[in-house]
Protein chains: 2
Amino acid sequence: MRNPSDAPTPPSDELGPVEPTGTKLQIIEAALSTLRSEGYAGASARAIARSGGFNQALIFYHFGSVRNLLLAVLDLISQRRMQAYAAAFEGADTAAELAALAQRIHADDLRQGYITVLGEMVAGGITDGELGAEVAARIEPWITMVEHKITRLLRGSPLAALAAPRDLAFGLVALYFGADMLGHLQRDQARPESLLQLATRLSVLIDAITPARPRGQT
Amino acid sequence: MRNPSDAPTPPSDELGPVEPTGTKLQIIEAALSTLRSEGYAGASARAIARSGGFNQALIFYHFGSVRNLLLAVLDLISQRRMQAYAAAFEGADTAAELAALAQRIHADDLRQGYITVLGEMVAGGITDGELGAEVAARIEPWITMVEHKITRLLRGSPLAALAAPRDLAFGLVALYFGADMLGHLQRDQARPESLLQLATRLSVLIDAITPARPRGQT
DNA sequence: GTCTATACTTGGATAGAC
DNA sequence: GTCTATCCAAGTATAGAC
């Protein structure tokens, strides 16, 4: 369990959450894996400890409760996704580029089960107000990020009159989330993928009626 | 618990599921209520029995297992929604009428918690293959229904070239599902509603570029 | 068809040894 | 910081009286 190369979490000048290391990280990873394979209902302290090969009591020592641990899982996922995509997302200047990026992200999400885990936490959060608020707070940055991108992307476009960027952003996130969830129910049909292809085709139309701007301009 | 006016389920000439009555119905309603307020993870035999004021053992006598009972809840919901909306849905001939109907259905779903319950079952089904297949089978009719409507609605429209009706139908159902789920996470923001308003505005555009046809024509 | 009682398993959480 | 041992609440499911 112990990893000798891991010093205790070093002091950090940055505000906000720090990526956990050592044992805490191992526990979070085990929880992620369990949440993914067993769901929210099956993510018990014992199941997580079994999956990670460590003692059940460690969860309560390091996180206080199973719930806190599961929220730490969401934090880890959020940080990793942000780190992996924020730059590419910022750099995408056309709808077509964004559609291509969405395909890449979706492939990752499928492989890592990120949205599956998020979905389990959303399901848990709907019937548990406090948990729900925490989960919502962890989704919010993604909606905001999409909203800002839409605002810049549609500046000067006739499409801008259609809807508030915030509503569009919420809709896109909800669509992505819903399609991933429903897509997992039966393996064979692979329908989220056909939606991404549709997005690619639509992006061409959107770019066609939207004025281009110099790359990187905000 | 017993309801003297309920004869044992009468023989039926119809194929397919029959709406349960008497004790079975009471148990299903209690399970629906519990699933809604406690979620999939909290919908135990004991919790359901407590909510309905009957004995826990009855669940196993009538349904064999908690899982079967929860599937019966989905069946009941599906039947009720179908009965309530199938006629109005069939009769809607324009995108605008469909958008208005969607608003009505959404108001009902919110009040009854239907999508909340569905979401909990989807979350359960993602990590349980057998359950997932059963849940998927109960969502399928709704996708098909939307698909057929789209096919007829877009006949002769330039929009028909954009995407396969099946993909659009899956996308609309996924969007509706995802927006409802995420919308429940934090009470205040009420964002699914703004999406429905967006749908209303879009429906006007869609109808404008789509040839009208005589009412009721398929 | 319904209830009581019970067997057995699993869960969250903690105390205290190491 | 980690492990063993344990308490106690809650879970599924069944047997058998009524």
Side-chain angles (χ1 to χ4, degrees), chain A residues 1-10 18 20-31 33-35 37-73 120-121 123-124 127-128 130-131, chain B residues 1-10 20-31 34-35 37-73 120-121 123-124 127-128 130-131:
Chain A
M1 192 65 220
R2 267 185 71 252
N3 183 344
S5 69
D6 280 324
T9 307
V18 178
T21 54
T23 300
K24 286 190 80 154
L25 179 59
Q26 280 181 266
I27 295 174
I28 296 174
E29 303 254 39
S33 162
T34 306
L35 208 36
S37 61
E38 312 296 331
Y40 179 80
S44 68
R46 287 167 139 93
I48 293 167
R50 205 179 313 128
S51 148
F54 51 81
N55 194 284
Q56 180 246 58
L58 280 183
I59 288 173
F60 300 96
Y61 175 78
H62 284 286
F63 297 92
S65 70
V66 173
R67 217 168 80 154
N68 285 348
L69 169 56
L70 297 185
L71 284 172
V73 171
E120 294 295 329
M121 292 298 288
T127 51
D128 174 343
E130 283 179 55
L131 185 61
Chain B
M1 192 64 221
R2 269 186 70 252
N3 183 343
S5 70
D6 280 323
T9 307
T21 55
T23 301
K24 287 189 81 156
L25 179 60
Q26 280 182 265
I27 295 174
I28 295 175
E29 304 255 38
T34 306
L35 208 37
S37 61
E38 312 296 332
Y40 179 78
S44 69
R46 284 169 140 93
I48 293 167
R50 204 179 314 128
S51 149
F54 50 81
N55 193 282
Q56 179 248 50
L58 280 183
I59 288 172
F60 300 96
Y61 175 80
H62 283 287
F63 296 92
S65 69
V66 173
R67 217 167 79 156
N68 285 348
L69 169 56
L70 297 185
L71 285 172
V73 170
E120 294 295 328
M121 292 298 287
T127 52
D128 175 342
E130 283 179 56
L131 184 60

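Side-chain atoms are counted along with the backbone in the values below, which use heavy atoms only and exclude waters and symmetry mates. All figures in this text were calculated on a predicted structure; none of them were measured in a lab.
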All N/O pairs under 3.5 Å across the protein-nucleotides 9-14 of chain C interface:
| unit_1 | atom_1 | unit_2 | atom_2 | d |
| --- | --- | --- | --- | --- |
| C:dG11 | OP1 | A:Ser44 | OG | 2.9 |
| C:dG11 | N7 | A:Arg46 | NH1 | 3.2 |
| C:dG12 | OP1 | A:Ala45 | N | 3.4 |
| C:dG12 | OP2 | A:Ala45 | N | 2.7 |
| C:dG12 | N7 | A:Arg46 | NH1 | 3.0 |
| C:dG12 | O6 | A:Arg46 | NH1 | 3.0 |
| C:dA13 | N6 | A:Gln56 | OE1 | 3.4 |
| C:dA13 | N6 | A:Gln56 | NE2 | 3.1 |

Quickly work out the [X] [atom1] to [N] [atom2] distance and round it to whole Å.
| X | N | atom1 | atom2 | answer |
| --- | --- | --- | --- | --- |
| B:Phe63 | D:dA13 | CZ | C1' | 16 Å |
| B:Ile59 | D:dT14 | CD1 | C1' | 14 Å |
| B:Lys24 | C:dT2 | NZ | C1' | 15 Å |
| B:Ile48 | D:dA13 | CD1 | C1' | 14 Å |
| B:Tyr40 | D:dG11 | OH | C1' | 13 Å |
| B:His62 | C:dC3 | NE2 | C1' | 12 Å |
| B:Asn55 | D:dT14 | CG | C1' | 12 Å |

Rounded to the nearest 0.5 Å, the CZ atom of B:Phe63 sits from the CG atom of B:Leu69 at a distance of 5.0 Å
CD1 (A:Ile48) and CZ (A:Phe54) are apart, to the nearest 0.5 Å, by 7.0 Å
Please identify each residue that fulfils salt bridge (charged side-chain N to carboxylate O under 4.0 Å, His left out) with B:Arg67, with sequence neighbours left out.
B:Asp128, B:Glu130
Give me each pair satisfying side-chain hydrogen bond (donor to acceptor under 3.5 Å, both in side chains) with a member in residues 56-66 of chain B, each pair once, sequence neighbours excluded.
none
Between B:Ala31 and B:Leu70 the two heavy atoms that sit nearest each other are CB-CD2, 4.5 Å
Residues in side-chain contact (heavy atoms from CB on, under 4.5 Å) contact with A:Ser44, at least two apart in sequence or another chain
A:Arg46, A:Ala47
Sorted by chain and residue number, the side-chain contact (heavy atoms from CB on, under 4.5 Å) partners of B:Ser51 (sequence neighbours excluded) come out as B:Ala30, B:Ser33, B:Thr34
When you compare the protein's N or O atoms with those of nucleotides 16-18 of chain C, which come within less than 3.5 Å of each other, and at what distance?
none

Report yes if the side chains of A:Leu35 and B:Thr127 come closer than 4.5 Å at any heavy-atom pair, otherwise no.
no
